[in-house]
> 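Quick one: this structure, given as structure tokens, is what I'll be asking you about.
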Amino acid sequence: MARNTNMAFFAAVAAATLLMSLAAAATTYQVGDGLGWSVPPGGAAAYTTWADNKTFTVGDTLVFTFSSGNHDVAEVTKAAFDACNATSPITLETAGPTNITLSSSGEHYYICTFSGHCSAGQKLSISVTGASSPAPAPRTTRPPSPSPPASVPAPAPSTSSPPPSPPASVPTPAPSTSTPTPAASPAPTPSSSRAPVTWTVGNNSGWTVLPPGSYQTWAANKTFVVGDTLVFNYLNGTHNVAVVTKANYDSCNTSSTLALSTNPPTRITLNSTGENFFICTFTGHCAGGQKLAINVTSGSTAATPPSSTATPPSSGATPPGSTANPPPGSPTSPNTPSSPTPEGSAPPPPNAAASLGAAGLSATFLSIALALLF
């Protein structure tokens, strides 16, 4: 008996813990954010866009904010959702705001049953996934300690060293007398222009009254270049597209426009660089957030011609291995020229006067010796 009581106690504790963890992980979503639950000016795409980047799980709560008597919230089947058939809803809530907790996975469909509201876009479909259980922590195993490597005896040093090879004679290169020509820097490759892009303003939300700053958020991560096209999607008679100056854009002044289009969809091709400003001139729409400012660039960067850093070789440089010939008329050696020799006489040999004097003195002594003998 005591054992059964303990098991029941532990089961209750486990169930309570599971419910607490699910409640802690649940998320509350404000349907439409600042738009609330109403007839969206951009059609059904407004709520589709709102739900696109969200993940709904069992236990999450949807908050439908509306004024009682002006709207309601009905959960319907897919067929009734597609046909906007409000005759037999699954559930119906008429008091706003309404909180709906998602208790099952799968597709869920919600509409407003007031006449014309669903067909005008007041409808929401979401996909709900089961509550995800936390993944078990990976089991860490300590890798086995590597075994110490077996000691390998070092090889005995060799006592006989091979005779060193005589170094190969490398011929000394002849010095070059020409000035080396530096390599020219490669020319930078110009960036190629991309093909024109067609942008749908606001994506699925289209051109409508969205919370202030929504269109600047849409444009923040995009690069607009000359040749691109902006497409403004809206219902005829409910909006328009006006091109205005920056001053009129900042003040939402609709009295004077640079261009005005009233037929949807409006396609505007960007044909000049710089700032471009667009608003809707319907009363209160610009102040409500229906305004767009973008910066248009040329889309290509011209390549700067490379600077010529190569020095042309001098015309007087002598190619390697050749002997330069002096220009005609220039001296061949720095020696001082000798004195001119008179015409028809050979120059005396070095020390000629001394040699003649010695010969004459020898002849005199020889004559005296012969006279004494005879």
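Nothing fancy with the numbering, it's 1 onward along the sequence. Worth knowing before you read on, the calculation uses all heavy atoms, side chains too, and leaves out hydrogens, waters and symmetry mates. Bear in mind that the values here come from a model prediction, so they are computed numbers and not experimental data.
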> Tell me whether Tyr215 shares a hydrophobic cluster with Val243, the cluster being built from Ile, Leu, Val, Met, Phe, Trp, Tyr side chains joined at under 4.5 Å.
yes
> Regarding Asp72 and Thr113, do their side chains bring together a donor and an acceptor under 3.5 Å, going by distance alone?
yes
> Can you name the closest pair of heavy atoms from Lys291 and Cys252 and give their distance?
NZ-SG, 3.9 Å
> For Pro40 and Gln122, which heavy atoms make the closest approach, and how far apart are they?
CD-N, 3.8 Å
> When you measure from the side chain of Asp228 to the backbone of Val225, do you find a donor-acceptor pair of N or O atoms at a distance under 3.5 Å?
yes
> Do Val76 and Pro89 have side chains that approach each other closer than 4.5 Å (heavy atoms only, starting at C-beta)?
yes
> Honestly curious: do Val197 and Leu230 fall in one hydrophobic cluster under the side-chain, below-4.5 Å linking rule?
yes
> Where does the angle between the aromatic ring planes of His239 and His285 fall among parallel (under 30°), tilted (30 to 60°) and perpendicular (over 60°)?
tilted
> Is it possible for you to say whether Phe282 and Val244 belong to one hydrophobic cluster, with membership spreading through side-chain heavy-atom contacts below 4.5 Å?
no
> Is there a donor in the side chain of Asp60 and an acceptor in the side chain of Thr57, or the other way round, less than 3.5 Å apart?
yes
> How many angstroms lie between NE2 in His108 and OG in Ser103, if you round to the nearest 0.5 Å?
6.5 Å
> Does Trp207 belong to the same Ile/Leu/Val/Met/Phe/Trp/Tyr cluster as Leu235, with side-chain heavy atoms less than 4.5 Å apart forming each link?
no
> Do Lys123 and Asp82 meet the salt-bridge criterion of a basic N to acidic O distance under 4.0 Å?
no
> Kindly indicate, with the supporting measurements, whether the criterion disulfide (SG to SG under 2.5 Å) is fulfilled by Cys112 and Cys118.
CA-CA 6 Å; Cys112 177; Cys118 175; over 6 Å; no
> May I ask you to check whether Thr269 and Asn271 show a side-chain donor-acceptor distance below 3.5 Å?
no
> To the nearest 0.5 Å, what is the distance between CG (Leu292) and CD1 (Ile279)?
11.5 Å
> Are the aromatic rings of Tyr47 and Tyr110 close, with centres under 6.0 Å apart?
no
> Could you state whether Trp37 and Phe56 fall into the same hydrophobic cluster, counting links through intermediate Ile, Leu, Val, Met, Phe, Trp or Tyr residues with side-chain heavy atoms under 4.5 angstrom apart?
yes
> Using the side chain to side chain donor-acceptor pair (under 3.5 Å) definition, which of the options Thr262, Asn253, Thr254, Asn240 pairs with Thr281?
Asn240
> In Å and rounded to the nearest 0.5 Å, what is the CD1 to CD distance from Ile294 to Gln216?
9.5 Å
> Centroid separation under 6.0 Å, is that true for the rings of Phe232 and Phe278?
yes
> Which value, rounded to the nearest 0.5 Å, describes the distance between Lys222 atom NZ and Trp199 atom CH2?
6.0 Å
> Can you classify the ring geometry of Trp218 versus Phe224 as parallel (below 30°), tilted (30 to 60°) or perpendicular (above 60°)?
tilted
> Indicate the ring-plane relationship of Tyr109 and Phe81, choosing parallel, tilted or perpendicular according to the 30° and 60° boundaries.
tilted
> Relative to each other, are the rings of Trp50 and Tyr29 parallel, tilted or perpendicular (30° and 60° limits)?
perpendicular
> Given side chains that start at C-beta, do those of His117 and His71 come closer than 4.5 Å, heavy atoms only?
yes
> Measure the spacing between OG1 of Thr200 and CZ of Arg267 and express it to the nearest 0.5 Å.
8.5 Å
> Would you confirm whether Asn53, through its side chain, and Ala51, through its main-chain N or O, come within 3.5 Å as a donor-acceptor pair?
no
> Step through the shown structure and confirm whether more than 12 heavy atoms of other residues, nucleotides or ligands are within 6.0 Å of NZ on Lys54.
yes
